[in-house]
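Note sheet for the following structure.
Note that these values count all heavy atoms, side chains included, but never hydrogens, waters or copies made by symmetry. Numbering of ligands and ligand atoms starts at 1, following listing order.
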Amino acid sequence: MSEKSGLILELKTLQKKAESELKGIQDAVSLQSWRAAYLSRSSDIMAFFKRLSEAPKKERPMIGQFANQVKAALETQFEKKENIIKQVGLEMNLRNKRLDVTLPGRAPAHGRLHIQTLVLRQIYRIFAEMGFQVYRSPEVETDENNFELLNIPAHHPARDLWDTFYTTKPGVIMRTHTSPGQVRAMREFAPEPIRVALPGMCYRYEQIDASHEIQFNQVELLAVGKNITFGDLKGTLEEFAKRMYGEGVRTRMRPSYFPFVEPGAEMDVECFVCGGKGCSVCGEKGWLEILGCGMVHPVVLRNGGYDPEIYSGFAAGLGPERISMLRYHIDDIRNFWGNDVRFLEQF
Ligand code: DAH
């Protein structure tokens with residue numbers, strides 16, 4: 001037997017063996033081992049190319065060509081088998097893990113309005129029924145509007161109550177209350193009568209705790225006209241409390257001081273926790289403060305363009321976060337702007 005036929009025979013035997021093994025293969029893992037055994041660099045077929053030198057020189061091209069044919073044939077068969085295995089796998093998957101279209105779908109998460117948006121809208125609604133319109137004024141204010149024109153001059157000790165955030169522009173600050181909107185509304189409407197609700201965010205330099213935040217909402221109320229009395233103020237606010245908390249709510253007014261009103265007062269609502277007996281939530285007082293109010297100070301009326309000899313007015317400043325806390329028994333003001341959905345989802 002010549003070297004030529006010897007190598008070729010060997011190749012043929014190898015090819016047969018490879019082909020019969022390939023026939024029996026049913027899965028991708030065995031297919032990969034087969035490939036490693038017969039088609040990788042270290043496989044026997046590749047070894048033939050190195051062994052060509054064993055054959056006589058003139059036979060080498062022929063043997064080489066034959067080895068190439070064997071290799072190509074095995075490669076083709078490999079690819080066929082690979083496709084079949086893939087196809088079978090896919091069909092099995094489709095059959096066994098069929099998509100169950102009868103399963104209920106995933107419900108999309110529903111967004112909702114923030115509790116304070118809801119409470120603010122309720123406040124607007126109540127006051128709208130009494131003829132108050134919403135009037136918006138800027139959150140970034142001048143020192144003049146926030147303090148000076150409200151009868152709080154630069155070195156007035158009352159400024160300590162409204163310590164704020166300053167911008168890099170002198171005289172421009174984050175408003176500490178909605179009261180500067182009073183002056184803006186008066187300057188726009190004077191000498192016409194006014195009934196406005198001024199809502200929005202206010203900012204203060206505060207030590208944050210369960211009842212203090214550096215930002216919070218206020219709703220300012222302003223009525224200016226002829227013959228407006230303290231009785232109008234009291235009636236308006238008591239009616240508001242009833243509509244907000246229910247007919248049975250108990251309220252009281254205490255004298256208080258604010259530079260932009262004269263006389264000034266604060267309104268309290270009976271403590272929801274102890275029912276007026278006194279507890280830790282109300283600081284043993286039995287009452288919780290919800291707003292400051294009073295008759296608009298003559299200086300402020302004049303700054304707004306109204307002659308205090310002819311016109312009078314009342315104003316109030318409500319804390320909507322306070323109002324929500326009372327209504328929904330929320331014990332920490334930080335919940336409002338903490339952005340925790342577990343809190344927000346409850347409303
Ligand atoms: N601006 C006051 C504050 O932020 C609240 C206030 C008190 C507003 C009395 C008023 C008022 O309009 O009459 O503390």
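Taking the side chain as every heavy atom from C-beta outward, Q215 and C202 never approach each other to under 4.5 Å.
The 12-atom threshold is not exceeded at CZ of R121, counting heavy atoms of other residues, nucleotides or ligands nearer than 6.0 Å.
Heavy-atom proximity to Q218, at under 4.0 Å, picks out these atoms of ligand 1: 3 (C), 4 (O).
Judged by the shortest distance from any of its heavy atoms, F260 lies inside the 4.0 Å radius around the atoms of ligand 1. Heavy-atom separations between M267 and ligand 1 are all 4.0 Å or longer.
Given atom 12 (O) of ligand 1, the protein heavy atom at minimum distance is E220 OE2, 2.6 Å.
Using a cut-off of 4.0 Å between Lys/Arg side-chain N and Asp/Glu carboxylate O, E10 and R51 are scored as salt-bridged. Taking 4.0 Å as the cut-off between side-chain N and carboxylate O, E129 and R243 count as a salt-bridged pair.
Contacts between A316 and ligand 1 below 4.0 angstrom, taking non-hydrogen atoms only, involve the backbone exclusively. Counting heavy atoms closer than 4.0 Å to ligand 1, residue E266 contributes nothing at all.
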Could you walk me through whether I152 and F258 pass the side-chain contact (heavy atoms from CB on, under 4.5 Å) test, one step at a time?
CA-CA 9 Å; I152 316 171; F258 300 97; over 6 Å; no

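Polar contact with ligand 1: present for A315 (N/O pair, distance under 3.5 Å).
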